[in-house]
Amino acid sequence: MKDRLRHQIRQALETCYRAGTLHSEIIPEIGLEVPARAEHGDFASNIAMVLAREEKKAPRRIAEILIETLNREEGIIGKVEIAGPGFINFFLTERCWYGVLDDIVQSGVSYGRSRTGEGKKVQVEFVSANPTGPLHIGHGRGAATGDAVASVLEAAGFSVQREYYINDAGNQMETLGRSIFLRYLELMGETMNFPADCYQGEYIRDLAREVAEVEGQRILEIPEEAAIRFCASFGGKRILAGIDEDLRAFGIRFDNWYSEQSLFDRGEVERGVALVREKGLCYEKEGAIWFRTSDYGDDKDRVLVRSNGATTYFASDVAYHKEKFDRGFDMVVDVWGADHHGYVPRMKAVMAGLGRRPEDLQVILVQLVNLLRGGQQVAMSTRSGEFVTLQEVIEEVGKDACRFFFLMRRSDSQLDFDLELAKQQSSDNPVYYVQYAHARVCSINRNAAEQKIAVPELGEIDFGRLALEEELALARILSRFPETVAGAAVAFEPHRVIFFLQELAAQFHSYYNRHRVLTEDMETSRARLYLVNCVRIVLENALLLLGVSAPEQM
RNA sequence: GCGCCAGUAGCUCAGAUGGAUAGAGCAACGGACUUCUAAUCCGUAGGUCGAGGGUUCAAAUCCUUCCUGGCGCGCCA
C-alpha cells in the first residue's frame with residue numbers, strides 16, 4: 001500500500017520537473033509514515049519540507065504544486081491535505097483499504113510474504129551450544145531468536161539455511177571426557193575429590209552410568225587417554241542428541257549441523273590459516289602467528305596459531321566463516337550471547353581480510369535472561385551445575401509461552417522471564433491475549449456454521465457493509481503486516497512481529513466487545529465474518545512465524 | 001584505563017528511514033457479563049525521554065562532553 005502511494009508521489013514529482021513547475025530535478029528518498037494521529041491521514045509525507053531548501057520555495061507551496069499534479073485516477077487516494085509546516089497528509093479511499101482483505105483471502109498462508117530479499121542466500125547460525133551439557137534458558141532465548149529471524153527472513157523472500165555449529169574440537173570436550181571418566185571411576189568404586197574444573201552437573205553422573213552399562217569394566221582396562229577420549233565422544237553424542245530433542249520440543253529444526261572437528265579433519269583450518277598468510281594478513285611474533293585484525297578496526301591483533309603449534313578457537317572461526325561463504329551464502333547471520341560482543345570487531349576484520357563486505361556478516365547479540373518466579377530471582381550457577389534447563393522451562397510453561405516471552409524484547413536488551421507470569425492464564429499474560437483473539441474468531445466461525453453461514457469466499461461480500469471506524473482500523477493494521485515482516489527481517493528484529501500481534505489482537509478484542517459479528521442482517525454478518533477471518537489469517541501467519549501455535553479454542 | 005550496549009510513566013518495555021500533542025502492558029482507581037468465549041472491553045490518572053551543549057524548519061532518534069548500570073578487553077573456549 002505504502003509502495004503504491006510512494007510510486008504515485010514519485011510520478012507526480014517527475015511530472016512537475018517535466019512541466020517546469022518544480023525545477024530542482026532531484027528525486028529524494030520519499031519519506032512516508034503512518035502518522036500517530038488519525039486526523040493526519042493514513043500516510044503523511046515530509047517530501048515538501050525536504051525539497052524546500054533546494055527549491056527555494058515555501059514547503060506548503062511545494063506541497064500545493066505536488067498535490068495538483070497527483071494522479072487520482074487509480075482510486076487509491078481519497079483526500080489530500082497540507083498540514084503544519086508542510087506535511088502532506090493522504091487519506092486513502094475505503095475501497096482501497098478493503099482491497100487488502102481480498103489480498104489476504106487470496107494469499108492465505110502466504111499473506112505477509114514479500115520479495116524484499118530477492119532470493120539472496122542467507123545462513124542463520126544459532127544456538128551452537130557446546131555439547132558439554134544440556135541447553136539452559138539462555139540458550140532458549142538464542143534459539144527462539146535465531147529461529148524467528150530465520151523465519152522472518154524466509155517470509156521476506158530470502159533463501160535461508162539454519163545451521164548449528166558444534167564446538168566439538170576444543171579442550172572443553174576433553175574436560176567433558178575427563179568429567180565423565182572420573183564419575184565412571186567413582187561408580188567403579190574409586191574414591192576421589194572431584195576436581196572443581198570439571199563439569200559438576202548431575203547429568204555427568206548419568207552419562208557415566210550409561211558408560212558403565214554399555215561398556216562395563218572395559219574402560220578401566222584401556223589407557224586413560226583413550227578412556228577419556230571415549231567418554232568425550234560418547235558423552236558428546238548423547239548430549240547433542242539431547243540438545244536436538246530439546247530443540248525439537250521447542251519447534252526448532254536445523255537444516256545443518258556443522259562440526260568444528262570436521263573443519264580440522266578436512267584440513268579447512270590449516271587451509272584457512274594458509275590463505276590469510278598468503279594474503280599477507282599475518283605476521284609472526286614470539287613464536288605465534290598473528291592476524292592483523294587491527295588493520296580493519298579491531299583494537300588489537302589476534303593469535304591464530306599459538307607458539308606451541310596449536311590453533312586457536314579464532315583460527316577455527318576464520319576457517320568456518322570462510323567456508324560459509326565458499327558454500328555460496330550472500331550473507332551470514334551469527335546469533336551470539338551478548339557476552340561475546342567483544343568478538344564482533346575481529347570477525348568483521350576477518351570479513352574485510354577475506355575481501356567480503358563487513359555487512360555480509362551480521363551478528364545478533366542476545367542478552368541474558370533473568371529468570372524469576374513470582375518476582376523473585378531464581379538462583380543459577382553454571383559452575384555448581386545448578387541451572388534451569390530449557391527442557392524444564394518448556395515443561396513448566398509450555399512451548400508457546402516460552403517462545404513468545406523470549407521474543408517480547410529486543411534481543412540486545414536484558415529479559416526478565418517470570419515463570420509464574422508465563423504460566424498464568426490471565427490478562428496479564430500477553431501470549432494468551434494474542435492466542436485468545438485467534439480462538440475467538442474460530443469460535444465465531446463455529447457459531448456461524450451452526451447458523452448455516454459459511455465464511456464468505458473471495459469477492460463474495462459487500463464492502464459497503466463495513467463502514468465502522470473500527471473495521472477500517474482493522475483493515476489498516478492488517479495492511480501493514482507484510483511491511484512489518486520485511487522490516488523485522490532486514491533489521492533482524494523479530495520482536496516487531498510480537499508488537500504487531502499485540503496491536504492487532506487489541507484492535508480485534510476492542511471491535512469484538514463493541515460490535516457483534518453475527519447480526520440480524522445476513523449481509524452485514526457475512527461482511528464482518530469476512531473481515532474477522534482476515535484477522536484470523538494474519539494472526540495465524542504471524543504466530544507461526546514466531547513458532548507459536550494458533551489454537552482454535554482455549 | 002580502553003571499547004561495546006543500555007538509561008523513556010511507580011514497574012517491564014515499544015518507539016523502522018530525524019517529523020505534528022512521546023505510546024503499550026502491568027500496578028492504581030472507576031465502570032461493563034439476559035449478547036458470537038470476561039484468558040475480554042471501556043474510562044481516569046501517571047513523563048524535565050539520565051544531564052549539559054551542538055546540528056536541523058523539526059531531535060527520544062544524529063554529533064559531542066559528562067553521570068549511572070551491564071558486559072568485554074588471554075598464545076581460553
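A note on names: the letters A, B, ... follow the listed sequences, proteins ahead of strands, and every chain is numbered from 1.
- No engagement by Q435(A) is indicated, since no non-hydrogen atom pair under 4.0 Å with the nucleic acid exists.
- Across all strands, E286(A) comes closer than 4.0 Å to base atoms (heavy-atom distances).
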Query - Secondary-structure notation, RNA chain B, from Watson-Crick and G-U pairs under 3.5 angstrom (| other strand) - result: (((((((..((((.....[...)))).(((((.......))))).....(((((..]....))))))))))))....

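- Residues forming a side-chain hydrogen bond (donor to acceptor under 3.5 Å, both in side chains) with T132(A) (at least two apart in sequence, or on another chain): none.
- Within 4.0 Å of D299(A), counting heavy atoms only, lies no atom of the nucleic acid at all.
- By the side-chain contact (heavy atoms from CB on, under 4.5 Å) test, K322(A) is found to be paired with E268(A), L275(A), D326(A), L354(A), residues two or more places apart in sequence or in another chain being considered.
- Considering only heavy atoms from C-beta on, L504(A) comes within 4.5 Å of V535(A) through its side chain.
- Among the heavy atoms of the strands lying under 4.0 Å from A44(A) is at least one base atom, whether or not backbone atoms are also near.
- Distances were taken from every side-chain heavy atom of E493(A) (C-beta onward) to each of U17(B), G15(B), U40(B); the shortest belongs to G15(B).
- Shown here are the side-chain hydrogen bond (donor to acceptor under 3.5 Å, both in side chains) partners of S45(A), two or more places apart in sequence or in another chain: there are none.
- Rounded to an integer number of Å, the gap from F90(A) CZ to A20(B) P is 17 Å.
- Minimum atom distance to the side chain of N447(A) is reached by C36(B), of the listed A20(B), C36(B), C75(B).
- Each of R526(A), R465(A), R528(A) was compared with D521(A) under the salt bridge (Lys or Arg N to Asp or Glu O under 4.0 Å) criterion, and only R465(A) meets it.
- Checking the phosphate oxygens (OP1, OP2) of A38(B), a side-chain nitrogen or oxygen of R440(A) falls inside 4.0 Å.
- Side-chain atoms of S510(A) stay outside donor-acceptor range of the base of C41(B), with no qualifying N/O pair under 3.5 Å.
- For P195(A), the side-chain contact (heavy atoms from CB on, under 4.5 Å) partners are L182(A), D197(A), C198(A), not counting sequence neighbours.
- The phosphate of A38(B) has OP1 or OP2 within less than 4.0 Å of a side-chain N or O from Y512(A).
- A salt bridge is absent between R60(A) and E64(A): the closest approach of a Lys/Arg side-chain nitrogen to an acidic carboxylate oxygen does not fall below 4.0 angstrom.
- Geometrically, R440(A) engages Y512(A) in a cation-pi contact defined by less than 6.0 Å to the ring centre and at most 45° from the axis.
- When heavy atoms are screened at a 4.0 angstrom cut-off, H515(A) is found touching base atoms of the nucleic acid.
- Residue-level contact check: L372(A) touches neither bases nor backbone, having no heavy atom under 4.0 Å from any strand.
- By the side-chain hydrogen bond (donor to acceptor under 3.5 Å, both in side chains) test, R113(A) pairs with no residue at all, sequence neighbours left out.
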Query raised in the report: Base, backbone or nothing for each nucleotide of nucleotides 6-14 of chain B, written B, S, -, heavy atoms under 4.0 angstrom, 5' to 3'?
Result: S-----SSS

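- Per the geometry, CG belonging to L32(A) stands 15 Å off P belonging to A20(B), to the nearest Å.
- The CZ atom of F405(A) sits 15 Å away from the P atom of G25(B) (whole-angstrom rounding).
- Spacing between atom CE of M49(A) and atom C1' of U56(B) amounts to 12 Å, rounded to whole angstrom units.
- Between the side chain of H341(A) and the base of C71(B), at least one donor-acceptor pair of N or O atoms lies under 3.5 Å.
- In this structure, Y511(A) atom OH and C36(B) atom P are separated by 16 Å, rounded to whole Å.
- Distances shorter than 4.0 Å separate some side-chain N or O of Y433(A) from OP1 or OP2 on C41(B).
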Pair up each side-chain donor or acceptor in residues 484-495 of chain A with any protein partner under 3.5 Å, not counting sequence neighbours, and list the distances.
from	atom 1	to	atom 2	distance (Å)
T484(A)	OG1	R480(A)	O	2.8
E493(A)	OE1	R496(A)	NE	2.9
E493(A)	OE1	R496(A)	NH2	3.1

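- Rounded to a whole Å, the NE2 atom of H509(A) is 10 Å from the C1' atom of C41(B).
- Residue A310(A) is classed as having no contact, given no heavy-atom separation below 4.0 Å to the nucleic acid.
- Contact of D317(A) with A77(B) (side chain to base): no donor-acceptor pair of N or O atoms is detected under 3.5 Å.
- Partners of D299(A) under the side-chain hydrogen bond (donor to acceptor under 3.5 Å, both in side chains) rule, at least two apart in sequence or in another chain, are R302(A).
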